[in-house]
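Written out below as structure tokens is the structure these notes cover.
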Amino acid sequence: MANTVKAAHQKELFGHPVGLYILFFTEMWERFSYYGMRALFVLYLTTKTVDENPGLGWSSGEALALYGWYTMLVYVASIPGGWIADKLLGQKKSVLIGGILLVAGHSILAIEEMWAWYSGLGLIIAGVGMLKPNISTMVGGLYKQGDIRRDKGFTIFYIGINLGAFLSSLIVGYVGEVHGWHYGFGLAGIGMALGLLQYLLGQKYLASVGNFLGASEKTEDKEAMKKPLTKIEKDRIVVLLISFLLVIVFWGAFEQAGGLMNIYAKEKTNRMLMGWEVPASWFQSLNAMFIIFLGTSVAIYWANRKLKGKVSSSLFKMIIGLIIMGTGFFFMTAASMEFSADGSSAMYWLVLAYLFHTIGELCISPVALSFITKLAPVKYGALMMGVYFAMTGFGNKLAGLLGEWAESQGEFAIFTGIAVFCVVFGSIVMLFRKKLEVLTHGVEDKEGTIHEEAEGFELADAE
């Protein structure tokens with residue numbers, strides 16, 4: 001597995017390797033650029049060409065169709081990105097190349113031409129594909145097998161992701177909506193450039209992770225690349241692939257945030273607050289804000305469950321996360337009913353929906369990232385992470401399709417259907433959870449066996 005490769009002794013900060021915080025800020029700025037652009041994407045396409053801040057005047061269906069393809073390809077590109085890292089470059093160099101492509105892509109979007117729009121999207125797709133799976137795999141590489149800090153390390157990393165998303169929705173969203181769409185796109189590029197710069201400056205703290213194993217002189221690294229997969233490794237891959245079904249369903253529902261829920265906030269929500277109209281793009285920041293405030297609390301909750309001997313396996317957390325997130329769509333059902341009756345709906349329905357979506361996300365997304373680094377064979381570590389993000393991409397495409405269907409079926413049917421399906425699907429998978437966990441061959445039972453790196457670290461304490 002990827003985490004069997006022993007890292008050299010690493011300098012620590014707040015009980016975790018300093019390299020974690022280098023990756024934290026790199027991903028924070030990458031997500032600042034990505035989510036900033038995403039907050040404007042559909043709004044820019046659907047705004048009328050004669051508006052004071054003119055857009056392209058597309059219909060909602062056309063905009064959501066492109067949004068679905070774009071967000072799918074962004075994550076599907078993680079498969080070749082992971083393969084390139086495993087077979088040719090290593091994760092560290094792949095992240096660097098991805099960062100360069102992202103700076104170029106977001107910068108080009110600042111140009112007000114259609115060729116720049118599509119060229120920028122292409123570069124961003126390639127850049128995320130190179131960066132996203134590999135930086136997440138590097139986080140797992142900072143911890144040895146059985147290190148009890150791994151899940152919390154991924155939660156800290158995940159907070160970095162959402163700190164970037166929170167700031168971008170407010171800053172980039174405001175600049176784009178108020179001062180001009182292309183100013184917002186350009187600001188996203190500046191954010192990515194800052195992330196790339198600090199990644200380069202922090203290389204000394206990443207010396208032990210992300211290196212290309214094919215060029216390693218260590219005997220164990222060479223053997224790991226050559227030997228065929230064992231029966232245990234194959235079983236664990238099967239569990240990962242099945243767990244990815246949860247991922248597709250989760251993101252297919254969750255990513256209504258950037259599409260259908262974004263349009264709903266703009267067109268059907270009463271956004272007046274004390275005489276001031278809240279920008280529609282600002283609702284995109286709610287998810288990230290809740291993650292920043294609730295991230296460590298959710299991690300502590302699951303850690304305490306584990307200490308008490310209660311069920312807290314990765315699969316259990318992921319299933320519960322899907323059900324909680326699905327339940328959040330019932331608030332959007334209520335919003336649709338209120339709109340049908342009064343011609344507008346209150347903002348608090350969106351706030352409650354995003355709150356439940358966030359709790360569900362904290363139970364599934366950082367847990368899934370950690371789960372992959374526990375189960376994936378060393379020579380396929382980045383590739384399996386790439387497959388995970390590809391499944392996220394398929395979920396994004398599904399989200400786009402559901403958004404398109406809302407034009408003919410109506411928001412009430414789509415929101416309610418999503419809620420019911422997520423709860424039912426999650427409950428069905430829960431019935432088979434124990435059988436699937438047998439195929440992990442006790443990989444999570446080993447957690448807590450390594451304490452030398454975590455001296456003084458208390459599981460129930462927040463960072």
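When reading the values below, keep in mind they use all heavy atoms of this one structure, side chains included, and skip hydrogens, waters and symmetry mates.
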F415 and side chain to side chain contact (heavy atoms under 4.5 Å, CB included): which single residue from V420, L260, L402 fits? L260
Would you check if T296 and Y301 make a side-chain contact, meaning some heavy-atom pair closer than 4.5 Å? no
Are the side chains of F154 and L20 in contact, using a 4.5 Å heavy-atom criterion? no
Partners of E27 by salt bridge (Lys or Arg N to Asp or Glu O under 4.0 Å), sequence neighbours excluded? K132
Classify the side-chain pair H16/Y21 by whether it contains a donor and acceptor separated by less than 3.5 Å. no
Taking every non-hydrogen atom, the tightest pair across M318 and V367: CG-CG1, 4.1 Å
Using 0.5 Å steps for rounding, measure from the CG atom of L23 to the CG atom of N134. 11.0 Å
Salt bridge (Lys or Arg N to Asp or Glu O under 4.0 Å) partners of R31, counting only residues at least two apart: none
Tell me, do F290 and F356 make a side-chain contact under 4.5 Å, heavy atoms counted? no
Parallel, tilted or perpendicular: ring planes of F254 versus H357, cut at 30 and 60 degrees: tilted
Residue M347 excluded, over 12 heavy atoms near CE under 6.0 Å: yes
Can you confirm whether H106 sits close enough to F185 that some side-chain heavy atom of one is under 4.5 Å from a side-chain heavy atom of the other? no
Identify the two heavy atoms, one from L66 and one from L45, that lie closest to each other, and give their separation to 0.1 Å. CD2-CD1, 3.9 Å
Any side-chain heavy atom of C363 sitting closer than 4.5 Å to one from V298? yes
Is it true that the side chains of N287 and E361 contain a donor and an acceptor less than 3.5 Å apart? yes
Residue pair T71 / E255, side-chain donor-acceptor N/O under 3.5 Å: no
